[in-house]
Number of protein chains: 2
Amino acid sequence: MTRAEAHYSTAELPTELFKALGDLTRLRILSLLLHAPMRVCVCEMVHALQLPQYQISRQLAVLKRVKLVDAEKSGTWVYHGLDAEHYALNRLAPALRELLQGEPFDRDRARLDRRLSMRDGDRCVVGFVDNISIPENAQQ
Amino acid sequence: MTRAEAHYSTAELPTELFKALGDLTRLRILSLLLHAPMRVCVCEMVHALQLPQYQISRQLAVLKRVKLVDAEKSGTWVYHGLDAEHYALNRLAPALRELLQGEPFDRDRARLDRRLSMRDGDRCVVGFVDNISIPENAQQ
DNA sequence: GTATTACATGCACTTCTATGCATATATTAT
DNA sequence: ATAATATATGCATAGAAGTGCATGTAATAC
């Protein structure tokens with residue numbers, strides 16, 4: 001089973017894949033994961049994307065359904081990353097990196113970088129911060 | 001205006017693009033156009049995809065809205081082709097060619113090839129044929 | 001045990017999208 | 001002019017998908 005995944009026909013696979021890409025929040029999440037050098041937990045994405053936690057969780061569920069994203073649990077934290085074995089994703093990744101430029105993608109990735117710098121080693125230790133106190137050039 | 005198109009924000013562009021790709025009929029149309037060495041008219045697509053004419057026209061309208069496809073009119077015939085200048089499409093085309101394999105894409109392209117062989121020069125002269133009488137290995 | 005925190009999801013609602021049918025438009029032929 | 005043909009689209013309906021809120025689950029800390 002290299003390209004075809006369980007219960008999907010050959011034709012459904014690319015269709016469902018592109019459907020999953022057809023949403024701004026999900027593209028923003030993918031932009032983060034294509035950029036980050038490690039897995040990212042939900043609260044870090046909430047911080048980077050400035051969206052409610054349930055939005056991130058829900059769109060992550062969609063991305064997991066089409067196997068673009070997988071997760072590793074560590075305590076109450078869940079670290080999400082791209083499925084390195086995903087055939088189509090590996091084909092599309094270079095184009096995605098090029099297309100997911102400009103706003104809001106650039107600003108999202110900048111916020112993620114600052115947030116990741118708050119880690120203790122490779123672990124998120126911050127959780128949800130309501131009023132984010134990391135200096136950022138508050139331009140809109 | 002290289003990458004950004006009129007009335008679309010930077011972020012909407014890739015989102016709308018992938019939304020347009022997230023439909024099997026539209027992917028089948030794109031598979032035809034990525035394969036064919038020339039523009040293809042609607043009745044030829046109807047023949048190749050075995051779908052009602054209004055379906056082809058409607059999905060073509062969606063593809064035209066995101067500028068993936070453009071059209072040239074010649075009499076009552078309208079020849080559709082990929083927009084050779086489309087930045088994202090050119091990035092995605094190699095991956096698309098790889099992903100749009102298997103059924104029904106292969107069979108669609110085979111039917112298109114037979115149908116295109118019925119042209120008079122570079123012109124479609126057949127129109128709609130209700131019961132297509134081109135021999136095909138009828139393996140459903 | 002209880003409390004807290006990180007994350008996931010059920011529900012109600014709304015909005016978008018697809019589909020089928022019928023019909024409109026436009027061009028050619030007569 | 002009418003007829004015929006290729007293509008496009010309006011309309012009604014059905015189903016899918018997005019959104020916000022509240023709540024559920026699971027792990028840790030005490």
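Residue numbers begin at 1 in each chain, while the letters A, B, ... track the order of the sequences.
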- prompt: CG of A:Leu34 to CZ of A:Arg109: how many Å apart, nearest 0.5 Å?
  reply: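 It is 8.5 Å, given to the nearest 0.5 Å.
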
field: Spacing of CZ belonging to B:Arg97 relative to CZ belonging to A:Arg91, to within rounding of 0.5 Å
entry: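 So the gap between those two atoms works out to 13.5 Å.
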
Please report, rounded to the nearest Å, how far the [atom2] atom of [N] is from the [atom1] atom of [X].
{"X": "B:Arg123", "N": "D:dT5", "atom1": "CZ", "atom2": "P", "answer": "20 Å"}
{"X": "B:Ile56", "N": "C:dC21", "atom1": "CD1", "atom2": "P", "answer": "15 Å"}
{"X": "A:His47", "N": "C:dA6", "atom1": "NE2", "atom2": "P", "answer": "14 Å"}
{"X": "A:Glu16", "N": "C:dA18", "atom1": "CD", "atom2": "P", "answer": "12 Å"}
{"X": "A:Glu72", "N": "C:dA6", "atom1": "CD", "atom2": "C1'", "answer": "17 Å"}
{"X": "B:Leu27", "N": "C:dT17", "atom1": "CG", "atom2": "P", "answer": "16 Å"}
{"X": "A:Leu21", "N": "D:dG18", "atom1": "CG", "atom2": "P", "answer": "12 Å"}
{"X": "A:Leu51", "N": "D:dC21", "atom1": "CG", "atom2": "P", "answer": "13 Å"}

task: Answer with base, sugar-phosphate or nothing: what part of the nucleic acid does A:Glu44 contact at a heavy-atom distance below 4.0 Å?
output: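 The residue A:Glu44 makes no contact with any strand.
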
Side chain of [X] only, please: which of [options] is the nearest?
{"X": "B:Lys19", "options": "C:dA8, C:dT17, D:dG18", "result": "C:dT17"}
{"X": "A:Asp23", "options": "D:dG18, D:dT9, C:dT19", "result": "D:dG18"}
{"X": "B:Val78", "options": "D:dG18, D:dA17, D:dT7", "result": "D:dT7"}
{"X": "B:Lys64", "options": "D:dG18, D:dA8, C:dA6", "result": "D:dA8"}

Distance-only polar pair, side chains of A:His35 and A:Asp108, donor-acceptor under 3.5 Å: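 On atom types as modelled, these side chains do not qualify, holding no pair under 3.5 Å.
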
message: If we count only N and O atoms by modelled type, under 3.5 Å, do the side chains of B:Arg39 and B:His80 hold a donor and an acceptor together?
response: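 No, B:His80 and B:Arg39 have no side-chain donor paired with an acceptor closer than 3.5 Å.
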
query: In the 5'-to-3' direction, what one-character label does each nucleotide of nucleotides 22-30 of chain C receive under the scheme B = base within less than 4.0 Å of a protein heavy atom, S = sugar-phosphate only, - = no such atom?
result: B---SBS--

query: Sub-3.5 Å donor-acceptor pair from the side chain of A:Tyr79 to the main-chain atoms of A:Arg123, do we have one?
result: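 Not at all, since once roles are kept as given, no pair shorter than 3.5 Å links the two residues.
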
- prompt: For B:Met45, which of B:Leu112, B:Ile29, B:Thr25 qualifies under side chain to side chain contact (heavy atoms under 4.5 Å, CB included)?
  reply: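 Exactly one candidate clears the test, B:Ile29.
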
- prompt: Would you say a side-chain N or O of A:Gln59 is under 4.0 Å from OP1 or OP2 of D:dT19?
  reply: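 Yes, within the criterion.
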
- prompt: Can you tell me if the side-chain N/O atoms of B:His80 get under 4.0 Å from OP1 or OP2 in D:dA6?
  reply: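 So the side-chain polar atoms of B:His80 never come under 4.0 Å of the phosphate oxygens OP1 or OP2 of D:dA6.
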
message: I want to check something: taking the side chain as every heavy atom from C-beta on, are A:Asp23 and A:Gln59 in contact at a cut-off of under 4.5 Å?
response: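 Counting from C-beta outward, A:Asp23 and A:Gln59 do come under 4.5 Å.
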
Comparing A:Val62 and B:Gln55 on DNA chain D - which has the more 5′ nearest nucleotide: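 Closer to the 5' end of DNA chain D: B:Gln55.
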
